[in-house]
Amino acid sequence: LPVEVKVLEKRNNYVKFIISGVPVAFVNSLRRTIIAEVPVMAIDEVVILDNTSVMYDEVLAHRLALIPLKTDLESYVLPEECVCGGIGCSRCQVKLVLDVEAKDGDLMVYSGHLKSEDPAIVPVSDKIPIVKLAKGQRIVLEAYARLGRGRDHAKWQPGLAAYKYMPKIVIDESKCNGCGVCVQNCPRNVLEIKDGKVTVSKLLDCNLCRYCEIVCPTKAIRVEHEDSTYVFFVESFGQLDVKTLVLKALEVLDQKCVKFLEECEHAIEEFKKE
Ligand code: SF4
Ligand code: SF4
Ligand SMILES: [Zn+2]
C-alpha cells in the first residue's frame, strides 16, 4: 500500500491527520519521537541570588523549569553536541533574569517578568504564575535555558501526540429496525437515524468503545477498524509550531534509521570475519 497523509485540521499548535499504508509500529515510533526526541528549550539551571518569598529555592527552580520556552532550533544546539563541550556558551544556553520585588503590596510574579537575553527564547505565555510575593519580599535569580529531550525530563517535552485506528462501522440494514438505542447511547454522537435506519454521521469522532454494539437489541451494528489507517493528533505546548515539531521528529527518526542500518551492515561485516 502507498503511504498517504491527509491533513484534516491544522492550527499553529495543533494538527490532526490521517496516515495510511504504514504498520502500527511506524505510527508509534513517530508518536514516541515527537514526545521524547525532539529537542526544545527549558530552564535547566537556576542561580538564586535572593529569595525571601515563601517558596523554597528548589520548588521555585522546578516551577521555572516547567515554563515552556519558544525554541529556535536553527540557532542553538544540544549542550552535549556543542563545541564548548557542554560547559555553556552562546550556542547552547540562554540566560534569563528574574528580578522582582513587592514594593507596594502583594505582587503576583508571572512568566512575563523573566527577562531573556535572546528575544527569540522567551516564555510561550506571559501569564504563567510563578509565585506570589507579599509586601517587602524579593526574588533575584539567573536562570539558564538549554535544549534537551523529553526522554530525559518532562520539562523538555514539546507537546502531545496520540493516534487511534481509523474506525469502521458496519451496519447490517436487514437487521436494523431503526430503534435508535445505539444513537442515544453513543458517547460521541457518531450515529443518527435517517429514513428509519441508522447511519454514521461523524465517523472520525468514534472512539471505538463498541458500546453501540453492546446495546443494539438485534446485533445489527459492528465496530471494526481499518488495518493500516490511523487518525493521528499532535498538539504542541508552544515551544515549536506543530509543523516544525512533526518535521523535526521525522528527521530524527530518519537519522535513527540510517544509524541502525549502518550498525546492521557493520554487524554483518563482523560476523563474516568470524
Ligand atoms: S440499536 Fe441496532 S437496531 Fe437499533 S437503530 Fe441501532 S443498529 Fe439499528
Ligand atoms: S464505538 Fe462507541 S463511539 Fe463509536 S459509534 Fe459505537 S458507541 Fe459511538
Ligand atoms: Zn556551548
Side-chain angles (χ1 to χ4, degrees), residues 8-9 16-18 20 24 27 38-47 65 69-97 116-121 142-149 152-153 155-156 162-233 239 248:
L8 299 171
E9 203 182 322
K16 180 163 145 190
F17 57 88
I18 294 177
S20 55
V24 68
V27 273
V38 175
V40 287
M41 280 282 181
I43 289 173
D44 192 34
E45 193 181 336
V46 180
V47 180
L69 301 176
K70 283 187 191 150
T71 297
D72 170 8
L73 289 176
E74 301 299 317
S75 312
Y76 292 93
V77 294
L78 284 155
E80 63 264 33
E81 289 168 10
C82 188
V83 283
C84 74
I87 43 171
C89 69
S90 60
R91 286 277 290 142
C92 66
Q93 75 177 21
V94 179
K95 184 163 93 174
L96 296 102
V97 172
S116 173
E117 64 178 355
D118 180 350
I121 312 296
E142 283 174 6
Y144 295 90
R146 298 180 182 122
L147 285 178
R149 299 185 183 98
D152 295 320
H153 196 291
K155 67 184 176 182
W156 283 307
Y163 61 87
K164 67 178 180 191
Y165 279 101
M166 182 74 182
K168 188 164 131 191
I169 300 174
V170 187
I171 295 155
D172 184 341
E173 290 214 357
S174 64
K175 286 188 189 163
C176 176
N177 59 17
C179 69
V181 172
C182 58
V183 179
Q184 287 147 23
N185 284 285
C186 169
R188 307 295 294 268
N189 296 320
V190 172
L191 308 164
E192 64 180 21
I193 299 287
K194 245 188 209 155
D195 305 325
K197 299 277 176 197
V198 70
T199 57
V200 180
S201 57
K202 287 188 254 161
L203 181 65
L204 285 171
D205 288 350
C206 173
N207 62 7
L208 298 152
C209 71
R210 307 183 83 172
Y211 198 47
C212 49
E213 242 182 51
I214 296 165
V215 296
C216 173
T218 63
K219 303 270 168 268
I221 190 161
R222 224 172 56 240
V223 181
E224 297 173 2
H225 61 78
E226 306 283 350
D227 263 344
S228 51
T229 306
Y230 317 85
V231 187
F232 205 105
F233 317 80
Q239 300 100 318
K248 187 72 194 172

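Start at 1 and go down the list; that is how both ligands and their atoms are numbered. Please read these numbers as outputs of a predicted model, since none were measured by experiment.
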With rounding to 10 degrees, C92 SG, the Zn ion (ligand 3) and C89 SG define an angle of 120°
Taking K155 for the side chain and I43 for the main chain, is one N or O donor matched with an acceptor at less than 3.5 Å? yes
So the atoms of ligand 1 within less than 4.0 Å of a heavy atom of C182 turn out to be 1 (S), 5 (S), 6 (Fe), 7 (S)
Taking the Zn ion (ligand 3) as the apex, SG on C84 and SG on C82 give an angle, to 10°, of 110°
of all protein heavy atoms, closest to atom 2 (Fe) of ligand 2 is C209 SG, 2.3 Å
closest protein heavy atom to atom 7 (S) of ligand 1 is V198 CG1, 3.6 Å
Check your understanding: Side chains of D118 and S116: do they bring a donor and an acceptor to under 3.5 Å?
Key -> no
Any N, O or S atom of C212 closer than 2.8 Å to atom 6 (Fe) of ligand 2:
yes
For atom 3 (S) of ligand 1, the closest protein heavy atom turns out to be N177 OD1, 3.3 Å
The protein heavy atom nearest to atom 5 (S) of ligand 1 is G180 N, 3.3 Å
SG of C206 to CD1 of I169, rounded to nearest 0.5 Å, is 4.0 Å
Parallel, tilted or perpendicular, judged at 30° and 60°: which one describes the rings of F232 and F17?
parallel
(Q) Would the distance check show the side chain of E213 and the main-chain N or O of V223 forming a donor-acceptor pair, the cut-off being under 3.5 Å? (A) yes
Under 4.0 Å from one or more heavy atoms of T218, ligand 1 contributes atoms 3 (S)
Short version for N207: what comes under 4.0 Å of ligand 2, heavy atoms counted, is both
One finds that the ligand 1 atoms under 4.0 Å from a non-hydrogen atom of P217 are 1 (S)
Examine distances only and state if a side-chain atom of Q239 and a backbone atom of T71 form a donor-acceptor pair shorter than 3.5 Å. no
Going by the 4.0 angstrom heavy-atom rule, the piece of V200 near ligand 2 is neither
Query raised in the report: Okay, side chain of K164, backbone of L204: is any donor-acceptor separation there less than 3.5 Å?
Result: yes
Ligand 2 atoms nearer than 4.0 angstrom to some heavy atom of V190 are 5 (S)
*Would you say I171 and V200 make side-chain contact, with heavy atoms under 4.5 Å?*
yes
A student checking ligand 2 against I169 at a 4.0 Å heavy-atom cut-off should list atoms 5 (S)
A student checking ligand 2 against P187 at a 4.0 Å heavy-atom cut-off should list atoms 7 (S)
So does S75 get a backbone contact from the side chain of R91, meaning a donor-acceptor N/O pair under 3.5 Å? yes
(Q) When you measure from atom 2 (Fe) of ligand 1 to the N, O or S atoms of C216, does any of those distances fall below 2.8 Å? (A) yes
>> Tell me if a side-chain donor or acceptor on Y230 pairs with a main-chain N or O of V24 at a distance below 3.5 Å.
In response: yes
Atom 8 (Fe) of ligand 1 has as its nearest protein heavy atom C176 SG, 2.4 Å
the protein heavy atom lying closest to atom 1 (S) of ligand 2 turns out to be R210 N, 3.0 Å
- Query: Under the 3.5 angstrom rule, does the side chain of K197 hit a backbone N or O of E173 as a donor-acceptor pair?
  - Reply: yes
Atom 4 (Fe) of ligand 1: closest protein heavy atom, distance to 0.1 Å, is C179 SG, 2.3 Å
